**Student:** 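I have a structure I would like to understand better, so I am pasting it below and will then ask my questions one at a time.
The basis for the numbers below is simple: all heavy atoms, side chains too, and nothing from hydrogens, waters or symmetry mates. These numbers were taken from a predicted model, which means no experiment stands behind them. For the single chain, residues carry numbers from 1 onward in sequence order.
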Amino acid sequence: MTISISQQRTQRDSRNDRFFKGAVTVAGIFVLISLFAAAVMMFKGGFQAFQTFGFSFLTTPNWDVPQSQFGALVPVFGTVYTSLIALLIAVPISFGIAIFLTELAPSWLRLPVSSAIELLAGIPSIIYGMWGLFILVPFLGEHVFPWLSENLGEKPLIGALFQGPPLGIGIGTAGLVLAIMIIPFIASVMREVFLTVPTQLKESAYALGSTTTEVVWNIVLPYTRSAVIGGIFLGLGRALGETMAVTFVIGNAYDLGLGLLNPGTSIASTIANEFGEAVDPLHKSTLLALGFVLFILTFIVLSVARLMLRSLNKRDGN
């Protein structure tokens, strides 16, 4: 009788295990199917644009709706440019927040700051866009951009970045809003991985006379390097696909240039602005083609991140 009960339990456990494996396999396959279906849908919708313009679609800056002449260069450039600006601003600030929370902040302050970061991560993007348009844009247009244009616009090398109408809207404002949006994501990842550093390693470094700066640069960062890079690319992926916040403040102009004060556009803001009014089938196909380009761009960024992490893991012997 004991053997029979044991066999029944074994069969039940085996059946449950097969069911569990099947369920999680379906979940994993569902992600791949969804991803593939989205890519196919956008490629199919944008096929007319790819067929009409060919490879020049990616290299042409012209965007003329009445003449049905479309090029993706300006939206692609604006997407990448604003995302890189956001990273340049967000990464140092996120790093500082994470180090403050894990190494320097008193215990009574850590919970409020951590809660504030989580709250910022949960704010809808349209709220950031409205805040940027009604609060940030007037402030930058009155106090910051005129000063930058007057004092830095004529400087060699960097002068081209600060030339343009100091209206408050433009590439620089979009990058700043994006930075504020991705700071919570990057800072949260950094904070969590910094907490995984063994206390013994840090205490040993302090015992040898290391300062906090030396512990951070020689112990914490090398130990968590791969995860930190992953968090940065997570923020980059978030910035690449942002729509409403960028649409509010970027200016939505099809101008190609490095000037931070000049208005520009991005792939997501172009689709958001024009898809509802696209009557011409070629125009609508072009917007879907832009969506496919954004899909491929994001895929390339995440693939580069994976290759970098794999290279770092091999270098570290993992």
Side-chain angles (χ1 to χ4, degrees), residues 24 27-32 34-36 38-39 79-105 110 113-123 125 128 175-199 201-202 213 215-243 245-246 266-268 294-318:
V24 297
I29 294 176
F30 174 77
V31 173
L32 295 177
S34 301
L35 189 68
F36 180 76
T79 300
V80 175
Y81 195 23
T82 53
S83 299
L84 292 179
I85 293 171
L87 279 189
L88 289 176
I89 299 173
V91 170
I93 296 177
S94 301
F95 176 76
I97 292 173
I99 291 298
F100 175 74
L101 290 176
T102 57
E103 302 293 334
L104 301 174
R110 292 179 181 177
V113 175
S114 300
S115 300
I117 293 174
E118 294 174 359
L119 178 61
L120 286 174
I123 295 176
S125 62
Y128 281 106
L176 179 59
V177 172
L178 281 177
I180 297 172
M181 292 186 64
I182 66 176
I183 280 174
F185 297 94
I186 301 177
S188 296
V189 173
M190 288 186 176
R191 173 181 174 272
E192 293 301 322
V193 298
F194 288 167
L195 289 174
T196 64
V197 179
T199 306
L201 290 179
K202 295 188 288 186
T213 303
V215 169
V216 169
W217 287 107
N218 298 324
I219 303 297
V220 175
L221 272 182
Y223 190 88
T224 60
R225 178 174 52 187
S226 298
V228 167
I229 293 176
I232 292 173
F233 275 93
L234 175 65
L236 178 59
R238 177 75 172 85
L240 287 171
E242 179 50 45
T243 305
V246 174
S266 68
I267 293 176
L294 180 59
F295 179 89
I296 296 299
L297 181 62
T298 306
F299 178 78
I300 291 174
V301 168
L302 296 179
S303 298
V304 170
R306 295 294 301 176
L307 292 175
M308 289 182 61
L309 293 177
R310 183 178 300 178
S311 176
L312 289 174
N313 289 332
K314 289 182 177 180
R315 188 182 305 171
D316 295 337
N318 296 329

**Student:** Within the 4.5 Å heavy-atom criterion, are Ile232 and Met190 side-chain neighbours or not?
**Tutor:** yes
**Student:** CG/Leu119 to OG/Ser115 distance, rounded to the nearest 0.5 angstrom?
**Tutor:** 8.5 Å
**Student:** Using a 3.5 Å distance criterion without hydrogens, assess whether the side chain of Ser188 forms a donor-acceptor pair with backbone atoms of Phe185.
**Tutor:** no
**Student:** Within the 4.5 Å heavy-atom criterion, are Ile182 and Leu87 side-chain neighbours or not?
**Tutor:** yes
**Student:** Would you name the heavy atoms of Arg191 and Leu101 that are closest together and state the gap between them?
**Tutor:** CD-CD1, 3.6 Å
**Student:** Taking the side chain as every heavy atom from C-beta outward, state whether Thr213 and Trp217 have any pair of such atoms under 4.5 Å apart.
**Tutor:** yes
**Student:** So, do Leu120 and Ile117 sit near enough that their side-chain heavy atoms are less than 4.5 Å apart?
**Tutor:** no
**Student:** Which value, rounded to the nearest 0.5 Å, describes the distance between Thr82 atom OG1 and Leu176 atom CG?
**Tutor:** 12.0 Å
**Student:** State, yes or no, whether a side-chain contact exists between Leu221 and Phe95 at a heavy-atom distance under 4.5 Å.
**Tutor:** yes
**Student:** Name the residue from Val246, Leu294, Leu240 that meets the side-chain contact (heavy atoms from CB on, under 4.5 Å) definition with Ser266.
**Tutor:** Val246
**Student:** Going through the distances and angles, do Phe295 and Leu35 end up as a side-chain contact (heavy atoms from CB on, under 4.5 Å)?
**Tutor:** CA-CA 10 Å; Phe295 179 89; Leu35 189 68; 3.5 Å; yes
**Student:** Looking only at non-hydrogen atoms, find the nearest pair between Gly231 and Ile186 and report the distance.
**Tutor:** O-CG1, 3.7 Å
**Student:** Please round to the nearest 0.5 Å and tell me the distance separating atom CZ of Phe100 and atom CZ of Phe194.
**Tutor:** 14.5 Å
**Student:** Salt bridge (charged side-chain N to carboxylate O under 4.0 Å, His left out) with Glu118: which residues, sequence neighbours excluded?
**Tutor:** none
**Student:** Can you see which heavy atom on Ser94 is nearest to which on Ile183, and at what distance?
**Tutor:** OG-O, 3.4 Å
**Student:** Out of curiosity, Leu84 CG to Ile89 CD1, how far, rounded to the nearest 0.5 Å?
**Tutor:** 11.5 Å
**Student:** Can you tell me how far CG of Leu104 sits from CZ of Arg110, rounded to the nearest 0.5 angstrom?
**Tutor:** 8.5 Å
**Student:** Over all heavy atoms of both residues, which pair between Ala187 and Ala98 is shortest? Give the atoms and the distance, please.
**Tutor:** O-CB, 4.1 Å
**Student:** Rounded to the nearest 0.5 Å, what's the gap from CG on Asn218 to CG on Leu201? Could you check?
**Tutor:** 12.0 Å
**Student:** For a 4.5 angstrom cut-off between non-hydrogen side-chain atoms, does Tyr223 reach Val193?
**Tutor:** no
